Chemist: 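Let me give you the structure first, and then I'll get to my questions.
This one's a predicted model, so the numbers in the text were calculated from it and none came from an experiment. Quick note on labels: first sequence line is chain A, next is B, and so on, each numbered from 1.
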2 protein chains.
Amino acid sequence: MKSLADRIEEYLRFLIERSESKTLQMQRTELAETFGCVPSQITYVLSTRFTIEEGFVTESRRGGKGYIRIRQIDSSPGRISRGYNQREALAAIENLWKEGFLDGGEVELLKCLLNRHVLGLAEHERHLLRGRMLRAVYDLLGDNKG
Amino acid sequence: MKSLADRIEEYLRFLIERSESKTLQMQRTELAETFGCVPSQITYVLSTRFTIEEGFVTESRRGGKGYIRIRQIDSSPGRISRGYNQREALAAIENLWKEGFLDGGEVELLKCLLNRHVLGLAEHERHLLRGRMLRAVYDLLGDNKG
DNA sequence: TAGTGATAGGTTAGAAATAGTCAAAAGGAA
DNA sequence: TTCCTTTTGACTATTTCTAACCTATCACTA
């Protein structure tokens, strides 16, 4: 049995998916009435399900003609990196290990995940994916330090 | 003489086996009532019988409409598995951590690599990729044990 | 322009509904 | 006995949902 929040999320995701611009704008009160709940329930769903981590940005305006708007953000980074082949990726990982940013277990893990058979895909896509993965690792290590 | 835990395990395995998706979702309290035991007994069965070594991944949610979910992971390489969404993948990782197969650093690493924005791709492809990545992790952990 | 009322959405606290944790008691096999 | 597994229950954590109150914006009028 799905919770009300789950059903509202499902409904909104459907509408966004269907829309050309991956954007949805509506009135909070109206939506609440559709689901027979209190308006703050909508706020709750937005704040727990349509977060930046989930890939959504929400905006709103109060007062007459007020609205809530949900936008699914494009996750493609603007910048194009040229990607990494397996050998280059492993070398990068080795380096991080030598410099003490990764321990043995983490290196093992990364090596196996960056493997061409695990990643699959066509060569070019796979190289780009490795680039995104390595960037995420660098970002993670950077966060932990800062 | 079978213990209660054994009987609960048997029952759950039967239901999972019977289900198309090899997945079972139910409420802990309800199941406990079915067997006339305390809810924590269910937790006990899950943590001792439906482990990753046994080929299962469990997830749960507390609160209203909460649930426990058990998924039998597909171990046959030939067959196409349905993949993992981000939430499922993170739950699987959490489990590996709880069971001591991964340490904190490795979990952080995996969490960031399994993120939808890092993986990119179209949804279906991304889910399948997570499946391959998780399988590689399981294989790696299995090798280390064996 | 300033003021005012209507019409939105925002915030927060707390109750209710679940599941998780942990340690002690109970059982059972060697 | 001794050691390991099972079972229980009290306590904790999380999630959902509502209700009451707070704030921003608009439309209109003086």
Side-chain angles (χ1 to χ4, degrees), chain A residues 1-13 15 23-54 56-71, chain B residues 1-13 15 23-54 56-71 86-88 90-100 104 107:
Chain A
M1 171 64 167
K2 278 179 179 135
S3 69
L4 174 57
D6 289 337
R7 283 186 289 118
I8 296 173
E9 176 189 4
E10 205 167 69
Y11 178 66
L12 294 178
R13 276 184 184 269
L15 292 182
T23 297
L24 177 62
Q25 178 171 326
M26 54 197 330
Q27 292 204 297
R28 188 178 77 149
T29 308
E30 223 171 64
L31 180 57
E33 268 162 16
T34 302
F35 282 90
C37 66
V38 106
S40 57
Q41 175 72 356
I42 305 303
T43 306
Y44 174 71
V45 171
L46 259 50
S47 68
T48 57
R49 315 290 219 270
F50 292 88
T51 62
I52 187 66
E53 188 158 292
E54 303 286 336
F56 294 94
V57 170
T58 63
E59 302 164 76
S60 66
R61 199 161 72 181
R62 308 183 186 190
K65 306 282 164 51
Y67 59 81
I68 53 176
R69 186 187 297 153
I70 311 176
R71 199 154 43 90
Chain B
M1 172 59 170
K2 274 179 183 138
S3 69
L4 173 57
D6 289 337
R7 283 185 291 118
I8 296 174
E9 176 189 5
E10 205 167 70
Y11 176 66
L12 294 178
R13 276 185 184 268
L15 291 183
T23 296
L24 177 62
Q25 177 172 326
M26 53 195 334
Q27 292 202 300
R28 189 179 76 148
T29 308
E30 225 172 62
L31 180 56
E33 268 162 15
T34 302
F35 282 90
C37 64
V38 293
S40 57
Q41 176 72 353
I42 304 304
T43 306
Y44 175 71
V45 172
L46 259 51
S47 68
T48 57
R49 316 290 219 268
F50 291 88
T51 63
I52 191 66
E53 303 106 296
E54 305 287 337
F56 294 94
V57 171
T58 64
E59 301 166 76
S60 67
R61 197 159 74 183
R62 306 184 187 189
K65 305 283 162 40
Y67 59 80
I68 53 175
R69 187 186 296 154
I70 310 176
R71 193 149 73 93
Q86 185 166 314
R87 194 174 0 216
E88 290 166 336
L90 294 191
I93 293 302
E94 281 283 312
N95 258 331
L96 289 174
W97 173 67
K98 282 185 192 154
E99 289 166 20
V107 168

Chemist: Using a cut-off of less than 4.0 Å, is there contact between a side-chain N or O of Q27(A) and OP1 or OP2 of dA8(C)?
Modeler: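 Indeed, a polar side-chain atom of Q27(A) lies that close.
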
Chemist: Which sits closer to the 5' end of DNA chain D, G36(A) or K2(B), going by the nucleotide each is nearest to?
Modeler: K2(B)

Chemist: Respond yes when some side-chain nitrogen or oxygen of Y44(B) is under 4.0 Å from OP1 or OP2 of dT6(D), and no when none is.
Modeler: yes

Chemist: Whole-Å distance between dT25(D) P and I68(A) CD1?
Modeler: 17 Å

Chemist: Which nucleotide, dT8(D), dG10(C), dT16(D), lies nearest any side-chain atom of D6(A)?
Modeler: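 For D6(A), the side-chain atoms sit closest to dT16(D).
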
Chemist: Measure the shortest side-chain to side-chain distance between L46(A) and L12(A) over non-hydrogen atoms and say whether it is less than 4.5 angstrom.
Modeler: yes

Chemist: Round to the nearest Å and state the distance from Q41(B) atom CD to dA25(C) atom P.
Modeler: 18 Å

Chemist: E59(A) has an atom CD; how far is it from atom P of dG10(C), in whole Å?
Modeler: 12 Å

Chemist: Grab the CD-P distance between E94(B) and dA19(C) for me, whole Å please.
Modeler: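 To the nearest whole Å, that distance equals 18 Å.
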
Chemist: Check the phosphate of dT18(C) against T29(B), side-chain N and O only, distance under 4.0 Å to OP1 or OP2. Yes or no?
Modeler: no

Chemist: When rounded to the nearest 0.5 angstrom, what distance separates OG1 in T58(B) from CZ in F50(B)?
Modeler: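 Rounded to the nearest 0.5 Å, the OG1-CZ separation comes out at 10.0 Å.
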
Chemist: Side chain of R62(B) only, heavy atoms from C-beta on: which candidate in dA13(D), dT11(C), dT7(D) is closest?
Modeler: dA13(D)

Chemist: Any heavy-atom pair between the side chains of T43(A) and S60(A) that's under 4.5 Å?
Modeler: no

Chemist: Base, sugar-phosphate, or nothing: which does I42(A) touch, judged by heavy atoms less than 4.0 Å apart?
Modeler: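 Answer is nothing: I42(A) stays at 4.0 Å or more from every strand.
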
Chemist: Please tell me which of the listed nucleotides, dT21(C), dG10(C), dT7(D), lies nearest to the side chain of S3(B)?
Modeler: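 The nucleotide sitting nearest to the side chain is dT7(D).
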
Chemist: Is there a side-chain polar atom (N or O) of S40(B) under 4.0 Å from OP1 or OP2 of dT8(D)?
Modeler: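 Checking S40(B) against dT8(D): no side-chain N or O falls below 4.0 Å of OP1 or OP2.
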
Chemist: Would you tell me if any nitrogen or oxygen in the side chain of R61(A) comes within less than 4.0 Å of OP1 or OP2 on dG10(C)?
Modeler: no

Chemist: Below 4.0 angstrom from OP1 or OP2 of dT5(D), is there any side-chain N or O of R49(B)?
Modeler: no

Chemist: Do NZ/NE/NH1/NH2 and the carboxylate oxygens of E10(B) and K2(B) come within less than 4.0 Å?
Modeler: yes

Chemist: Taking OH from Y67(A) and C1' from dA24(D), how many angstroms apart are they, rounded to a whole number?
Modeler: 12 Å

Chemist: Can you identify which nucleotide, out of dA27(D), dC17(D), dT21(C), has its nearest atom closest to the K65(A) side chain?
Modeler: dA27(D)

Chemist: What is the distance from CE of M1(A) to C1' of dT16(D), rounded to the nearest Å?
Modeler: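 Atom CE in M1(A) sits about 12 Å away from atom C1' in dT16(D).
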
Chemist: Looking for any heavy atom pair under 4.0 Å, which part of the strands does G63(A) touch: base, sugar-phosphate only, or nothing?
Modeler: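 Result for G63(A) = base.
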
Chemist: Could you tell me how far apart I8(A) (CD1) and dT15(D) (P) are, to the nearest whole angstrom?
Modeler: 17 Å

Chemist: From dT6(D), dG9(C), dG20(C), pick the nucleotide closest to the side chain of S60(B)?
Modeler: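 Shortest atom-to-atom distance from the side chain points to dG20(C).
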
Chemist: So what does R69(A) touch, heavy atoms closer than 4.0 Å: a base, only the sugar-phosphate, or nothing?
Modeler: nothing

Chemist: Quick one: pull up CZ in R61(B) and CG in D6(A) and give me the separation to the nearest 0.5 Å.
Modeler: 4.0 Å

Chemist: Roughly how far, to the nearest 0.5 Å, is the CD atom of E33(A) from the CD1 atom of I42(A)?
Modeler: 10.5 Å

Chemist: Whole Å only: how far is the CZ atom of R7(A) from the P atom of dT16(D)?
Modeler: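 After rounding, the gap between these two atoms is 13 Å.
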
